[in-house]
Participant: 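Got a structure for you, written out below as C-alpha cells; questions coming shortly.
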Amino acid sequence: MQYRNGILLFLFELGFALQFNIVGTISLSELFLIVFSVFIINKKLFRNYPDLKKITLLYIGLLGAQIVSEVVVHNTLNNSLKGIAVTVVSYLHFIFLFRYFIRDRKYILYTITGAILCKFILGSQTEGSIAGTLTGEDIGLLKFYIAPAVINIVLVFSAFIKRKRISLIAIFTGGVLVILGTRSSGATLVLTGMVTYVIVSGKYVIRKKQLLRIAIVTVILGYGLYTIYVNEVLSGNITSGNSGQLLEIENPYNPIVLLETGRTEVFVGFIAFMDKFWFGHGAWALDETGKYHLLMALYKNKDVDTNFEYDDIIPAHSVLIGSGMYNGIFAFIFMLTIFIFFIKRGFKSLSKHDPYVMIVVSFLISLIWNGLFSPTSHFRISMPLYFATFLATYLINTKHNTHNENMFCNNR
C-alpha cells in the first residue's frame, strides 16, 4: 500500500507537466484535483486535525475577497475564473498532499522526486526557457532546470545522510550554483545548509531564543558570503549568469539595491496595488496605458518610447503583492494570514532530531522567497507542498515522539 501511494504521488506531481487549454492553461493533476474534490475533502480528516478548519476558513475568506473584487472591477469572466481557479487548486492540492504526509512523511520524498522529473518535462512557463545557455543573461537551462533539480536531489538525500554532513554538502553545492550564475537558487541552498547545520549542532530542541540566535548567526554568515561573492564579481573572477547586474548598480554591497534591480516587477506591482488599494485591478489585468511597464523601465534606467501602446498584463512577480494588486487589500490580508499560519507551523516543527529538518528549512526559505518574489503560479503548484509538509511535520513532532515515528530512514 505504501509503495502504491508513493507511486500515486510521484505520478500526481508528474501530471503537472501534461497541460490543456481550458479557461487558460490547466494540467492533468489540476483536473484530477477538481474532478475528485468530493473525495479529497474528508470530514474525518477535519475532525482529527482542527488546524484544517482554520486554514479552510482563511482560504474561503481569500476566495470571497477575490469574487467580490472581480465583480466590482468588472473583470472579464475568463480572467476572473483563472484567478479564482488558482485559489481553489491551491487548497485542494494542499489537502490532497496532507492526507498522505500525515500518515507517513516518506511520501514527501516521492512527491519531491516527481517534481524533479516534472521540471524537466514542463520547465518554467513563467520564468524561463530551456533554450538558455550557461553564460550571459540567458541561462534558462541551468537556472530553471538543473538548479531546481539539484536542490531537490539534495533534499531527498538529506533523509538518508547524516544531517551535519548533508548540510556541508548543501553549502558547497549551493556555492557552486552561485558561481555558475544561479544566484537565488544557489544562495537558497547555501542558506538551507547553514541554517540546518546550526540547528543540528545545537544542544536542545529549537525554541524561540534558539531561533533568534540562528537568525543572527545566519545573517552575519550570509552577508559575509555575499560580500565575498561581490568581490569576486567586481574583480572579474565570476562573470556567469546575471552577475553583471552588480556592475550596473551604484552600491553592489547593498543586497536591497540588487534586489530592486533583479525584482523590479515586485516594486512596480506594489505601486499598482496602491493605485487601486481596495479592490485591485482584477486577475491578469492589462497594463492598457503602459504606465507600469514604463515604471519598470525607469527603475532600470532604460530608454523608453513613451508613445507606445501596451497590452501586456500588469507586472507583479510576487504571490503576496500580486494578490493585492489583482484583488485589493482584503485578498492581500487573507493571503498574508495564510502565509503567516504556515510559516509559524514550519518554525514550530523544526527539531534537530527530525530526519526531515533540512526539507522543512528549505521549504521555509522557499516559501518566504516565493511569496515575496515569485509569480502567482507558485501558490497552486509549489506552495501546497510546503504547506502540507509544515502542517504534517508540526503535528507529528508536537504530538508524538520523533524517535518512535516510523521513518523511512534512520539518521543519527
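Source: prediction; values computed, not measured.
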Participant: How far apart are the closest heavy atoms of Lys164 and Ser201, and which atoms are they?
Facilitator: CE-OG, 3.5 Å

Participant: Step by step, would you call Asn75 with Tyr326 a side-chain hydrogen bond (donor to acceptor under 3.5 Å, both in side chains)?
Facilitator: CA-CA 10 Å; Asn75 198 8; Tyr326 286 151; over 6 Å; no

Participant: Between Tyr59 and Thr87, does the side-chain hydrogen bond (donor to acceptor under 3.5 Å, both in side chains) criterion hold? Intermediate values first, please.
Facilitator: CA-CA 7 Å; Tyr59 264 99; Thr87 299; over 6 Å; no

Participant: Atom NE2 of His93 and atom CZ of Phe32: how far apart are they, to the nearest 0.5 Å?
Facilitator: 10.5 Å

Participant: Does the side chain of Gln66 come under 3.5 Å of the side chain of Ser69 through a donor N or O and an acceptor N or O?
Facilitator: no

Participant: Please report the C-alpha distance between Ser29 and Glu13 in whole Å, then the side-chain angles of each, then the deciding distance to 0.1 Å, and finally whether the side-chain hydrogen bond (donor to acceptor under 3.5 Å, both in side chains) criterion is met.
Facilitator: CA-CA 7 Å; Ser29 293; Glu13 287 300 316; over 6 Å; no

Participant: Looking at Phe330, I want to see if its CZ is surrounded by more than 12 non-hydrogen atoms of other residues, nucleotides or ligands under 6.0 Å.
Facilitator: no

Participant: Between Asp275 and Tyr292, is a side-chain contact (heavy atoms from CB on, under 4.5 Å) present by the stated rule, with each step listed?
Facilitator: CA-CA 11 Å; Asp275 284 347; Tyr292 301 110; 2.6 Å; yes

Participant: Tell me whether Arg163 is salt-bridged to Asp354, with the criterion being a basic N under 4.0 Å from an acidic carboxylate O.
Facilitator: no

Participant: Rounded to the nearest 0.5 Å, what separation is found between the OG atom of Ser366 and the CG atom of Leu155?
Facilitator: 8.0 Å

Participant: Which atoms form the tightest heavy-atom contact between Val266 and His317, and what is the distance?
Facilitator: CG2-O, 3.4 Å

Participant: Taking the six-membered ring of Phe341 (Phe, Tyr or Trp), confirm whether the NZ or CZ of Arg345 is under 6.0 Å from its centre and within 45° of its axis.
Facilitator: yes

Participant: What distance do Tyr49 atom OH and Lys44 atom NZ have between them, rounded to the nearest 0.5 Å?
Facilitator: 9.0 Å

Participant: Between Leu385 and Leu97, what is the shortest heavy-atom contact and its length?
Facilitator: CA-CD1, 3.6 Å

Participant: For atom CZ of Phe172, decide whether the heavy atoms of other residues, nucleotides or ligands shown that lie under 6.0 angstrom number more than 12.
Facilitator: no

Participant: Can you give me the closest heavy-atom contact between Ser158 and Ile359, atom names plus distance?
Facilitator: OG-CG1, 3.8 Å

Participant: Answer yes if the side chains of Thr393 and Tyr356 hold a donor-acceptor pair under 3.5 Å, and no otherwise.
Facilitator: no

